[in-house]
Each structure stands twice: as C-alpha cells, then as structure tokens.
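Encoded as structure tokens, the structure appears first; notes follow it.
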Amino acid sequence: MSDLDRDTLLALYESMMTIRMFEERVTREFRKGDMPGFVHTYIGAEAVAVAVCAHLNDSDYISSTHRGHGHCLAKGCDPGDMLAELYGRETGLCKGRGGSMHIADFERGMLGANAIVGGGIALAAGGALAAQVRGSDAVAVTFFGDGASNQGVLHEVMNLSSIWQLPVIFVCENNGWAESTPVEYSTSVANISDRAAGYGIPGVSVDASDVLAVYDVAGAAVDRARSGEGPTLIEARIGRMVGHYLGDPEGYRSKDSKLEEQSRDPIPPFEQRLLADGVLSDSSIASIAAGIEVVLDAGVEHAKTSPMPDAADVEAHVYAPVQ
Amino acid sequence: MSDLDRDTLLALYESMMTIRMFEERVTREFRKGDMPGFVHTYIGAEAVAVAVCAHLNDSDYISSTHRGHGHCLAKGCDPGDMLAELYGRETGLCKGRGGSMHIADFERGMLGANAIVGGGIALAAGGALAAQVRGSDAVAVTFFGDGASNQGVLHEVMNLSSIWQLPVIFVCENNGWAESTPVEYSTSVANISDRAAGYGIPGVSVDASDVLAVYDVAGAAVDRARSGEGPTLIEARIGRMVGHYLGDPEGYRSKDSKLEEQSRDPIPPFEQRLLADGVLSDSSIASIAAGIEVVLDAGVEHAKTSPMPDAADVEAHVYAPVQ
Amino acid sequence: MTDRTLSGAQAIGEALFQAMEQDANVIVLGEDVSGGAGLGEPHEGEMGGSFGVTRSLFSAFGPTRVRDTPISEAAVAGLATGAAAAGIRPVADMMWSSFTPLAFDQIFNQAAKMRYMFGGQATVPVVYRMAMGAGLGAAGQHSDTLYSLYTHIPGLKVVVPSSPYDAKGLLLSSIEDDNPVLFFEHMGLYGQKGHVPEEPYTVAIGEASVLREGSDVTIVAISMMTVKAIDAAELLSADGVESEVIDPRSLSPLDVETLRRSVEKTGRLVIVDESPPRCSIASDIAAIVGEEAFGALQAPIRRVTAPHTPVPLSPPLEQAYIPSIERVLAAVRSTLA
Amino acid sequence: MTDRTLSGAQAIGEALFQAMEQDANVIVLGEDVSGGAGLGEPHEGEMGGSFGVTRSLFSAFGPTRVRDTPISEAAVAGLATGAAAAGIRPVADMMWSSFTPLAFDQIFNQAAKMRYMFGGQATVPVVYRMAMGAGLGAAGQHSDTLYSLYTHIPGLKVVVPSSPYDAKGLLLSSIEDDNPVLFFEHMGLYGQKGHVPEEPYTVAIGEASVLREGSDVTIVAISMMTVKAIDAAELLSADGVESEVIDPRSLSPLDVETLRRSVEKTGRLVIVDESPPRCSIASDIAAIVGEEAFGALQAPIRRVTAPHTPVPLSPPLEQAYIPSIERVLAAVRSTLA
Ligand SMILES: Cc1ncc(C[n+]2csc(CCOP(=O)(O)OP(=O)(O)O)c2C)c(N)n1
Ligand SMILES: Cc1ncc(C[n+]2csc(CCOP(=O)(O)OP(=O)(O)O)c2C)c(N)n1
Ligand SMILES: [Mg+2]
Ligand SMILES: [Mg+2]
C-alpha cells in the first residue's frame with residue numbers, strides 16, 4: 001500500500017471528485033438537450049486517470065479516447081473551457097470544433113480525445129518518440145479501452161515502442177464492455193496485460209476500484225519510462241457503472257450485472273479510508289464538493305453564455321499558415 | 001520423428017526439389033531480362049510449404065506472400081501456367097495480370113500471393129470463416145514472414161480467429177530478415193510463436209531445415225483445425241539462403257552470415273536421410289531431377305511461346321458481370 | 001400494400017433479413033450487429049448495430065450467420081473479403097464510413113484488386129455497409145461521407161440510396177452482386193419514412209433515378225442531398241424555374257447516360273454533394289458531363305459541396321458545413337443569370 | 001555550378017540531408033531507410049530505402065534520427081504524426097504509395113483532422129514520402145498513384161514533383177511546412193537527371209510551373225506525365241500547334257490561378273494524369289477550370305488518364321495503362337477539331 005502524504009491523498013480525492021461531479025453535471029445538462037453530439041462519461045473510471053496523471057507534469061503527453069473528460073481533468077484542463085467545448089462554443093478548448101469526443105489541450109500535453117477507437121495509441125507513442133529524440137525526460141501515456149485492445153495498431157505500437165525503448169505507458173481501461181460487446185467475448189486472453197509478454201515489456205493488471213493500487217503501479221511504470229527503461233502495459237480493471245454513452249438503453253446487460261459493476265465504484269472505499277485515517281472529515285468532504293460545485297456552476301455559466309463560433313469561420317483552422 | 005511411408009517421403013522430396021529447381025530456373029531466366037516485375041524466390045524455405053501443404057487438399061485454402069512460388073507449387077499449381085504468369089502471358093494462371101507477386105489459383109484453393117506484406121492473413125482466415133459457415137471440414141493456412149508478423153492485421157486476425165475457433169493455421173516463415181532488416185531488430189520477442197499465448201492459441205517454433213519436423217507440427221495443427229479446435233501459430237525457422245529479391249546487392253549482410261544461413265538448406269539433410277534409409281538412390285535422385293527439368297523446360301517453352309495479352313483488353317476482368 | 005411505410009433503417013433491416021432467408025450463404029458480421037450476441041443466447045434488447053438496423057437478425061439466424069466482432073475493422077473487412085472469395089456472401093457492418101480507413105488496405109489492395117490481378121478467377125461478393133454523413137453532431141471522426149474516395153477505386157461499386165424504397169432494393173442488389181460493394185447509409189436516411197413493398201425486390205445498381213422532371217436546369221444530388229434538391233426545386237418552381245432532379249443512386253458505376261440526356265435538355269447543371277470538393281463525386285460528374293454535354297451547356301456547371309474542411313462539432317458550423325437549400329438556390333440562379 | 005546535375009533520387013536525398021543538417025528536429029523513419037541500421041553500427045552498403053534515396057543519412061546522423069522500422073505502416077505513420085504534434089519534424093518513408101492504405105486511418109482521421117478538430121492548437125509538421133507509379137512491372141499492389149485520394153482530404157497537402165530541381169526544393173518546403181504533406185516520388189523521377197543547385201533552396205508549395213508556353217491549347221500534366229506532355233507539345237509544334245504545358249507541382253493546394261489564366265488564353269485544356277479517372281485530379285481540374293474559365297472554353301476539356309482498372313503486370317497491358325503520347329496527341333487534336 002502506498003505511503004502517501006496527506007496532500008497527495010487529498011489531491012487524488014479531490015481530482016476523482018472533480019471528475020465524478022463534472023460527469024454528473026454533464027449528464028444532467030446533456031439531458032436538457034442543448035449540448036450537441038455524443039457524450040461518453042468517465043464515471044467509475046476516475047481512479048485510473050487520476051492515479052496515472054498524478055505522476056505526470058505538463059511536459060508529459062497523454063492521448064485519450066472517446067471517453068476523455070476524466071483524462072482531461074486529471075491532466076489539468078480547465079473545467080469551464082472543457083464545458084464550453086462540449087457546448088460547441090468559440091471559447092471552448094478547441095473553439096467548439098471538436099466537442100466531447102475530440103477535446104484536446106496541447107498546453108497541458110493532452111494530445112486529444114479520439115473518436116477512433118485505438119486512434120490515440122500511436123499518437124502518444126509519437127510524443128514519446130519526440131521526447132526521446134529531444135533527449136528530454138518527458139513520458140507519454142496512452143489510455144484506451146478493452147475494446148481498443150483488439151485494434152491492430154496497438155500491436156504495432158507496442159512492438160515498435162519496445163524495440164525503441166520509448167518512454168510510453170499503455171493504460172488499458174478494461175471496463176468489461178465495448179459498447180454492447182463483453183470483453184470475455186471479444187478478447188482471446190484472460191488478462192489483457194498478458195499480451196505484454198509478446199512484446200518483451202512488463203504487463204500488470206490492477207483493480208482500479210483501488211486508486212492507490214493504480215497509483216503504485218502507474219508510478220513504477222512512469223519511473224521506468226522516465227529512466228529510459230521503456231514501455232509498460234497496465235490493465236486497469238473497472239466496472240462500467242453507466243451506459244456506453246449518454247442515452248444508452250443498455251438492453252444488452254441485466255440490471256443485476258450493472259448493479260454488480262456499480263458496486264466497484266472507486267470513490268466510496270477511498271473516501272472511507274481517508275475518513276478513517278483522518279485525512280478527510282465529513283465537513284471537508286462537503287467543502288470539497290461545494291468548491292467543485294462552484295467551479296462547475298461557473299463553468300456551465302461560462303459555457304452557456306459564450307458565443308457560438310461564427311458560421312463564416314467554418315473554413316478556419318484547417319491548415320497552419322506558411323511562415 | 002515421423003513414421004512416414006515411402007510414398008509420402010518421396011512426395012515430400014520431389015515437391016521440395018520441384019520448388020528448388022523451379023526457383024533456380026526462374027533465377028536464370030530472370031537474369032536474361034525478359035521476365036517483367038519483381039521476383040522473390042522461395043529457395044531455402046521449401047520445407048515449409050511442402051510439409052504444410054502435404055496435409056491439405058484442393059478444398060483447403062492457403063494465402064501466400066510476395067515470395068509465393070513455393071506455396072503455389074506445394075498446393076498443386078501447374079509449373080507451366082505459373083511460368084506463363086511470371087512472363088505476363090495470356091496463358092498464365094492470372095492471364096498475365098498478376099505476375100510473380102500476385103499469382104493465384106482458386107481452383108486449388110490458392111487465394112493468392114500478396115504483394116502487401118501481411119495482406120493475405122485476413123483473407124485466409126476469411127476462407128476459414130467460409131468453411132465454418134458452410135459446415136465443411138476445410139481448413140485454411142496463411143503463410144507470412146517474420147516481417148509481416150509486426151503488421152497490426154495479424155493481431156486482429158489471431159484474436160478473431162481464436163474467439164471464433166476458426167480452422168486457420170498461421171505459418172510464420174521466419175527467415176531472419178525483412179528485406180534488409182533483421183528480425184532481432186524489428187521484433188520485440190525472442191520467439192514469434194510466443195505471441196500465440198496472447199491469443200489463447202497454441203504456438204510452436206520449429207526448425208524448418210528439417211522437413212519432417214515441420215510435417216509433424218503442421219499435421220497436428222491441421223488436425224486441430226479440421227476437428228474444430230481452432231487456430232495454431234507455427235513459427236518455421238529458416239535461413240534466407242538468397243537475396244531478398246532477384247538482384248538484391250545484399251550490402252546489409254556479411255558473406256559469413258549468408259554462408260551460415262545457406263548451411264541451413266533443408267534439402268541436403270533430407271536427401272542424405274532418404275539415401276541412408278534406401279528411399280532414394282543416386283539414380284532415383286537423378287531421375288527425379290531429370291523429370292522436373294523436363295517439366296520446367298516445357299513450362300518455359302510454353303510460357304515464352306504463349307501470346308502476350310492484347311493491349312485492347314486492359315479493361316477486362318475488373319468487375320464480375322451482373323447475372 | 002402499396003402504402004406500406006417503413007423508415008430507411010427498417011427497409012435496410014428488411015433487406016438483410018430477406019437476403020438471409022433467401023440464401024444461406026449470406027452472413028452478417030460487425031461490431032455490435034447483435035450486441036452481446038457473443039454470449040450465445042438470443043436476447044431481448046439487442047443493439048442491432050449503431051442504429052438498430054440489424055436488430056432482428058441474431059434471433060432469426062443465430063450465431064453462425066450473425067456475428068458480433070471485436071473492434072478490429074481491418075480483420076472484419078479482411079475476413080469478409082476472404083470469405084467472399086471463398087464463396088459465401090458476407091455483409092460487413094463497418095459502423096460509420098469514417099472507420100473504414102482502418103480497413104482501407106483490405107478494401108483497396110485486396111477486395112478491389114483481387115479479380116483483376118488474378119485474371120478474373122476471383123469473385124468477391126462482399127458488401128460493406130456503413131452509416132455516413134453530418135448532421136448528428138458526431139463531428140470530425142464520425143461524419144465523413146467518403147464515397148468519393150471509394151468511387152476513385154477501380155473494382156469497387158459504390159451505392160448511395162436516398163429513400164427507403166431504394167435502400168431496400170439496392171441493398172438486395174448489392175448482396176446479389178458478385179463484386180465488392182460499398183453501401184452508404186446516410187444518417188438522414190434512417191429516420192426517413194417511405195413506401196416499401198414487403199416482398200423482396202431489387203433496384204439495379206447503375207441506374208439513376210429522375211426524382212423530378214424539369215426543363216430549365218438539372219440538379220444532381222447525392223444521397224440525402226436529394227431532399228435539399230427537391231425542396232430547392234419546389235421553391236424555384238414558384239419562380240417559374242423547372243428543375244430536373246436526378247439521384248444517381250450509385251456512383252460507381254455511374255449512369256452517365258441519364259445525366260447527359262438531362263443536361264442536353266436543360267443546358268444547365270448543379271451538383272449537390274455533402275463531401276469536400278476536391279477530387280469529389282461533384283467534380284467527377286462536372287468533368288464527365290462537362291465533356292459529354294459540352295455543346296449543350298449554357299452556363300458553367302456549379303458544384304454545391306461541403307467546404308474543404310473536416311466536419312465541425314458546433315451546430316452553426318456543422319450547418320455551414322452541410323450544403324444548404326439557400327446555396328442550391330444561389331447556384332441554380334447563377335446558371336440562369 | 002549552374003550545370004550541376006543530379007538524379008531525382010539524389011536530389012531528394014540531398015534535400016533530406018540538408019534538412020537534417022539545418023534542423024535537429026528533423027528525423028527520418030521507415031522500413032529499411034538505412035537497412036540493418038537497427039544493428040547499431042553505421043556500415044557499408046546501406047540500403048537507403050527501396051531506391052537508395054536515404055543511403056547517406058544513417059552514417060551522418062545516427063540511430064536516434066535515422067530509424068529503420070518494423071513493417072508496421074500504421075505505427076510508422078502514427079508515431080510520425082504524434083511526434084510532429086509533439087513538436088519535431090518527422091519524415092516518414094512509406095516506401096510505395098500503395099502501402100499507405102495500411103496507414104490510412106493515421107493520415108486521414110488523425111494527421112489531417114487534428115488541427116481543425118482541436119481549433120487550431122495542433123501543428124503537425126510531418127512529411128510522408130512515397131514512391132509511386134507504374135512502369136516498373138511492379139503490378140497491382142505497388143504501382144498506384146493515389147494522389148487523388150489524398151487531394152480529396154482536407155488538412156493534407158499533396159506534392160508531386162516532376163524534376164530533380166523541383167523535387168529538392170519542394171521537399172525542403174514540405175519539411176518546413178507546418179502541415180502534413182504527402183510527397184509523391186514517381187518511379188520515373190528517380191532516374192531522371194537535371195540541374196540541381198548544391199545549396200538548400202525551396203520551391204513554394206502551391207505554385208504551378210509553366211514548363212512551356214503556347215497559345216493554342218493548355219496541357220496540364222501531373223508528375224512524370226509532364227514528360228509525355230512536353231514530348232507531345234514538341235510534336236504538335238511541328239504541326240503548328242503551340243501548347244502551353246503546366247505542371248501544378250502541388251495538387252493540394254492547387255494553383256488555380258495559373259491554370260485559369262492559361263485556359264483563358266488558349267481556350268482549350270487537356271489534362272494528363274496517371275491515375276484512374278473517377279474522382280481523380282484530372283476530373284477535379286476539369287471541374288474547376290470548366291467552371292472558372294467557362295466563357296473561354298472553345299472545346300470540351302479532355303482528360304487523358306489511366307483506365308478504371310488496377311495496374312496490370314504484363315508489359316503490353318502496363319503500357320496500355322499508362323497514358324501515352326499518342327493519347328495526348330489525340331486529345332489535343334480533338335480539342336482543335
Ligand atoms: C475505429 C472505431 N470503431 C468503432 C467505433 C464505435 N465505438 C465507439 S466506442 C466503442 C467501444 C469502445 O470500447 P472500449 O475501447 O472498451 O472503450 P469504452 O467505451 O468501454 O470505454 C465503439 C465500438 C469507433 N468510434 N471507432
Ligand atoms: C505493406 C507493405 N510494406 C512494405 C512492403 C515492402 N516489402 C516487400 S517484402 C518486405 C519484407 C518482408 O519481410 P518478411 O515478411 O519477413 O518476408 P520475407 O521477404 O523475409 O520472406 C517488404 C518490407 C510491402 N510489399 N508491403
Ligand atoms: Mg470498454
Ligand atoms: Mg523474413
């Protein structure tokens with residue numbers, strides 16, 4: 001078990017709560033009908049993004065998925081700018097061009113959500129390649145799902161990253177499902193982490209209802225990468241507490257199995273533990289939540305009052321100007 | 001060691017010799033300059049195609065590579081029609097449209113050489129899928145190189161074939177090189193067969209300078225597939241006795257290393273063994289060779305005297321007619 | 001009977017169902033085509049693909065012929081291609097056309113070329129179905145049309161239905177066709193209602209449909225742009241301008257004859273296409289008709305297309321991306337000026 | 001100095017060498033770009049890619065900046081894209097353009113769209129180099145041109161040099177460019193000899209080159225089709241027909257202005273393009289010029305293209321596939337008839 005100081009523990013907690021409350025707010029706002037596009041929330045997976053990104057700084061890169069809000073927030077993106085993006089506003093992180101599935105923040109090394117399943121894997125490894133070429137100690141993390149683990153590009157990139165000893169960490173968020181398809185059906189191996197052996201890199205599975213377990217595993221992988229020892233594959237096991245996307249009727253799974261998955265929520269056990277250890281108190285929990293609520297209120301207000309992009313600008317931002 | 005009858009042993013030998021002599025003849029003819037295109041010979045790999053295809057019949061499928069002559073011959077393609085194809089003649093297996101890198105013979109389940117490295121892997125698995133859908137006991141074999149083993153499609157197809165228990169055998173011909181790139185550099189695992197574990201299928205490496213060893217391993221894999229037990233990955237280790245393509249200056253490897261690889265020729269030890277066992281004699285060896293030479297002479301004659309396609313037919317064969 | 005009405009999604013689902021009934025060689029495979037089908041049991045609440053199109057198939061035809069797949073577009077397209085070459089008739093659900101780039105080698109280098117390279121011995125009766133188009137706010141990596149790319153590729157057929165009736169008939173033709181067919185289902189088609197006979201029927205691939213006759217200008221519209229074209233034509237009619245609206249229905253092969261004849265009559269051509277303009281079907285039709293009906297043309301051929309950009313999320317931008325009725329009207333008027 | 005002559009392959013190699021000298025952020029990666037480089041030691045007899053273009057790089061710049069890769073086109077293109085987004089300038093050697101379909105998702109869905117989807121924050125200075133074209137008997141799966149496909153895609157630049165001079169200058173521009181550039185090197189260019197200054201210089205992307213002036217007909221020729229166009233022009237000149245021959249040099253962006261002005265002068269346009277005709281750059285130029293110079297056109301625009309087929313192996317078929325001088329002459333004459 002990690003021997004973390006109070007501040008780190010609190011930061012992990014607050015970061016997880018920020019994601020959870022952000023996603024719950026997005027869920028409510030989305031239902032009102034004025035948020036465009038498709039939204040996939042990160043509810044239930046918070047421990048992964050938070051525990052991994054706790055080891056990263058702004059020079060480090062991450063690439064994300066269609067389910068990217070948690071990665072953004074954990075990497076330090078501004079919730080208000082994110083909300084403005086979700087609402088398609090000119091003030092959004094991507095000026096409203098991308099939305100939930102294509103949100104990015106290059107200043108924070110956040111190389112983008114990706115609506116192509118598996119689409120971010122090579123990009124993050126590219127970030128790691130750039131770091132290696134420059135001789136910096138930056139690392140890169142690519143988050144992807146169990147579904148994405150069957151995309152060919154993962155195989156290619158794990159192989160290439162291994163032979164070049166790139167500072168990249170492969171984080172597979174195994175929530176048991178790819179849309180309606182269960183991982184037991186789609187994937188020919190018991191532990192996705194077992195595939196690491198085929199690439200000569202360490203592979204480890206971790207129960208991601210335990211944020212501290214993920215923290216340790218991720219810390220070791222980031223250290224390895226930073227010190228030039230190459231990639232690691234981490235399989236983080238989570239329950240998919242919600243539907244695949246906002247609005248998913250979920251006809252393909254039973255109420256019982258969903259309840260079972262919801263019981264793997266990473267937040268309550270961590271909260272209990274921090275309460276027991278005196279790191280949190282009922283009142284500090286309330287005040288953290290209140291603080292986040294203030295940020296989210298302001299964020300939603302910012303988003304909804306921001307201007308839409310001008311239709312006349314539809315052709316802007318396709319090409320970088322020639323110097 | 002296989003306990004094979006005389007006829008089978010002789011058939012294996014004759015088939016290997018046919019490939020070797022075919023390729024030597026092609027090499028000579030190519031140097032004369034009137035054979036178009038790029039040619040990659042199968043010299044040194046004979047044991048693989050021969051030992052694997054010995055377990056197959058015309059209802060079984062194979063897919064091949066840019067180095068496909070050996071697979072064709074082992075699957076029963078006519079040498080004369082192959083030569084006509086290499087010369088781009090209307091009488092060729094593909095009416096001169098494909099040439100060496102795109103030679104096929106659907107009547108023999110030979111789904112094509114493939115000039116895309118890794119391009120045949122999914123096609124053969126598709127053949128296996130068709131067999132499974134039809135409820136037939138046909139199997140499919142896909143041959144590919146060590147270089148192809150790093151293509152993403154292999155990962156996808158091994159996974160899919162495993163979960164569907166398709167009757168497909170993955171035969172990786174590891175000759176140590178992909179063009180000028182050594183497998184030790186390109187590939188992040190000691191044995192390519194070790195990757196099978198990531199897909200829940202058996203993986204085995206075999207020294208393919210020993211045709212009987214390959215015969216046994218392939219037989220077991222074909223039996224598994226035919227009886228519905230699913231795929232196998234076989235890594236057949238061979239030496240690359242020749243250049244990557246006809247004309248390769250091979251500046252990237254030393255004479256010594258080439259000599260070492262040439263010492264892994266599968267034919268001499270097998271010939272010695274058959275001589276020792278009385279299956280072959282000096283005179284039967286000579287008469288087999290003479291018989292093959294007759295076929296090749298006739299084939300080259302057939303090829304060179306066959307008409308070229310008519311330029312006016314350049315647009316034929318793009319689409320199947322609508323019934 | 002004659003007023004039996006189905007949505008585009010239902011019409012496509014019915015075509016698949018009937019094709020599978022008629023021919024045991026027809027199989028359906030793709031991500032979530034049933035949904036949880038891999039678990040073996042037919043079940044309530046099947047997903048049936050992203051738009052419910054394939055919902056009825058698993059229960060009726062079972063796991064051998066209706067196969068959920070992992071997320072492995074190259075393998076899905078590649079196995080479908082190989083299985084077709086080996087004699088069955090797979091219908092691969094590629095979900096959205098924007099995902100086909102992951103399978104592009106299988107479609108471009110394998111399926112499309114196989115018959116030609118092998119001198120005619122290969123027959124590759126595979127259909128790749130896919131949703132496409134902007135309008136749902138799915139943004140950059142889901143909303144591409146891509147039919148222009150596939151039209152460039154010899155060996156493929158490209159089908160773009162714009163009504164439930166055509167969707168059913170063209171899909172049945174596509175499944176019967178012995179060539180690889182890219183079957184593009186626009187977002188807007190799924191919800192559209194229209195008359196669809198219950199019995200199986202085919203609509204020939206390669207025959208354009210004249211949706212409206214007119215003598216002043218020809219408007220060729222691709223896929224659901226037909227709706228804008230028809231609306232524009234009605235508005236123009238009020239001004240006394242009679243438009244002939246043509247839906248090519250398939251882009252490869254293209255019914256050049258019908259287009260040429262119309263333009264010879266009207267002397268004017270506007271093409272409405274939701275793809276970006278460069279090397280697009282709009283350019284292609286303009287080039288072909290510009291050559292074949294040169295003498296008849298009384299005005300430059302106008303193309304109303306998406307801009308040369310990816311598809312944006314934000315609603316005002318997405319609306320600016322999709323060709324509008326106003327732009328169609330302006331283009332038609334410019335040919336009359 | 002002024003008569004320093006290099007082959008196309010040498011000119012491209014020199015551009016890469018100089019770009020790497022000038023900017024430590026430039027790296028080269030791809031299958032066999034050195035050959036055996038992975039073994040660590042610089043060595044004699046480097047392969048230097050399929051055509052020896054990159055032969056000098058590994059010894060000069062070492063294994064960090066010159067990287068052989070496994071055969072993993074998607075990873076090669078994808079890592080190059082990601083590395084570019086992360087601030088370096090990778091030049092990815094894709095070998096032959098026919099192999100880029102394996103990397104199509106990385107190029108189409110990632111590299112091309114990144115800047116737009118992310119509201120302008122991404123800068124993706126990656127170059128994908130590739131050989132292309134028929135003529136070597138490499139047949140169906142090696143000989144595609146494919147520049148038309150990439151021209152369709154917003155966010156990409158597409159460069160098609162036709163002389164050693166342009167190849168060097170355009171490659172240096174491409175590497176300096178902050179956008180993803182597809183750099184197409186025709187087989188025929190590698191062996192072609194021409195004047196190439198030793199010092200680094202750039203040729204601007206987006207500026208066509210008028211290879212020959214003339215007032216009777218405009219011939220636009222893509223990549224090495226320029227050679228056929230020039231030869232045809234000389235033959236026509238003997239008959240008193242003066243052709244203006246234009247090489248667009250880049251297809252995206254396209255120098256429409258130069259094309260339009262020429263056709264306004266000549267009133268006639270023939271386009272020579274080695275790709276299949278449908279949704280091709282030939283169609284695209286015909287559509288654009290047909291619209292912009294409509295009033296000036298005295299004859300239908302003729303496209304001389306490959307047929308709508310894959311590339312055949314057999315020499316007479318391959319020759320029939322590639323546009324011939326005879327076909328160019330016939331097309332020009334038809335515009336004058
Ligand atoms: C290339 C591609 N194929 C299919 C889809 C459609 N799709 C979106 S999310 C998804 C499931 C992804 O599953 P997983 O990777 O496990 O991530 P999760 O949603 O479970 O977090 C699918 C199939 C897509 N967006 N991109
Ligand atoms: C997709 C693709 N990438 C690259 C090439 C160029 N190429 C042809 S053969 C070859 C090496 C293949 O190595 P391997 O798979 O080991 O087969 P071998 O030649 O050793 O039999 C390469 C890179 C190609 N034909 N197709
Ligand atoms: Mg999942
Ligand atoms: Mg090899």
Side-chain angles (χ1 to χ4, degrees), chain B residues 34-38 66 85-90 92 94-102 113-119 145-153 177-188 244 248-254 308-319, chain D residues 30-40 43-50 52 55 63 67-76 78 95-96 98-99 101-103 105-106 135-143 276 306-322 324:
Chain B
D34 52 355
M35 193 184 287
F38 295 123
H66 56 287
E85 186 57 32
L86 267 54
Y87 277 100
R89 306 296 161 132
E90 185 70 26
C94 303
K95 297 190 163 55
R97 272 65 179 176
S100 171
M101 291 199 293
H102 317 90
N114 215 304
I116 297 299
V117 169
D146 49 294
S149 75
N150 294 316
Q151 289 286 33
V153 70
W177 297 93
E179 298 197 343
S180 72
T181 302
V183 66
E184 299 79 22
Y185 171 74
S186 68
T187 307
S188 57
H244 171 63
D248 184 356
E250 296 184 72
Y252 48 83
R253 65 169 167 176
S254 66
M308 286 287 183
D310 186 340
D313 289 339
V314 66
E315 300 194 56
H317 308 304
V318 182
Y319 291 98
Chain D
E31 296 156 23
D32 306 295
V33 288
S34 166
L39 296 176
H43 53 277
E44 292 296 296
E46 260 175 63
M47 181 167 161
S50 299
R55 194 167 283 146
R67 295 179 182 237
D68 280 355
T69 69
I71 307 177
S72 303
E73 280 79 10
V76 170
M95 280 201 165
W96 297 64
S98 299
F99 309 157
L102 290 139
D105 174 62
Q106 302 296 330
L136 280 194
Q141 291 173 327
H142 275 62
S143 313
H308 186 64
T309 74
V311 181
L313 169 91
S314 188
L317 296 175
E318 193 185 33
Q319 281 316 307
Y321 180 91
I322 303 169
S324 64

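These numbers were taken from a predicted model, which means no experiment stands behind them. Below, chains carry the letters A, B, ... as their sequence lines are ordered, and counting in each starts from 1.
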Task: Which of D:E318, D:E31, D:E73 touches chain B most, by non-hydrogen pairs under 4.5 Å - done: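 Among the listed options, the one with the most contacts to chain B is D:E73.
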Task: Pick from D:L317, D:L102, D:T309 with the largest number of heavy-atom pairs that fall under 4.5 Å of chain B - done: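 Heavy-atom pair counts peak at D:L317.
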By a 4.5 Å heavy-atom criterion (distance strictly below it), what part of [X] contacts chain D: side chain, backbone, both, or neither?
X: B:V318; result: side chain
X: B:P309; result: both
X: B:N114; result: both

- [ ] Starting from the C-alpha separation in whole Å, work towards a yes-or-no answer on side-chain contact (heavy atoms from CB on, under 4.5 Å) for D:I71 and B:N150.
- [x] CA-CA 6 Å; D:I71 307 177; B:N150 294 316; 5.5 Å; no
Task: Which portion of D:Q319 sits near chain B, non-hydrogen atoms under 4.5 angstrom - done: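 Neither part.
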Open item on the list: With a 4.5 angstrom heavy-atom cut-off, is it the side chain or the backbone of D:A138 that approaches chain B, or both, or neither?
Closed with: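 Both parts, backbone and side chain.
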Open item on the list: Using only atom types and a distance under 3.5 Å, with no angle test, would you say the side chain of B:Y185 pairs donor to acceptor with the backbone of D:D68?
Closed with: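 It does hold such a pair.
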Open item on the list: Between B:S186 (side chain only) and D:P70 (backbone N and O only), is there a donor and an acceptor less than 3.5 Å apart?
Closed with: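 No, B:S186 side chain to D:P70 backbone: no donor-acceptor pair under 3.5 Å.
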TODO: Measure the acute angle between the ring planes of D:W96 and B:F38, then classify it against the limits of 30° and 60° as parallel, tilted or perpendicular.
DONE: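 Because their plane-to-plane angle is over 60°, the rings of D:W96 and B:F38 count as perpendicular.
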Task: Nearest heavy-atom neighbours spanning B:A178 and D:D32 - done: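 Reported closest heavy-atom pair: O-OD1, 3.5 Å.
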TODO: Might you point out which heavy atoms bring D:G35 and B:S180 nearest each other, and give the distance in Å?
DONE: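 Closest pair (atom of D:G35, atom of B:S180, distance): CA-OG, 2.9 Å.
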Open item on the list: Shorter than 4.5 Å, heavy atoms on both sides: which option in B:H317, B:H102, B:M308 has the most such pairs with chain D?
Closed with: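 Between B:H317, B:H102, B:M308, the count favours B:H102.
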Task: Pairwise distance CG(D:L313) to CZ(B:R89) - rounded to 0.5 angstrom - done: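 Those atoms lie 11.0 Å apart.
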Open item on the list: Checking D:M95 against B:E179 for the side-chain contact (heavy atoms from CB on, under 4.5 Å) test, could you report, in this order, the C-alpha distance in whole Å, the side-chain angles of both residues, the deciding distance, and whether it holds?
Closed with: CA-CA 12 Å; D:M95 280 201 165; B:E179 298 197 343; 3.2 Å; yes
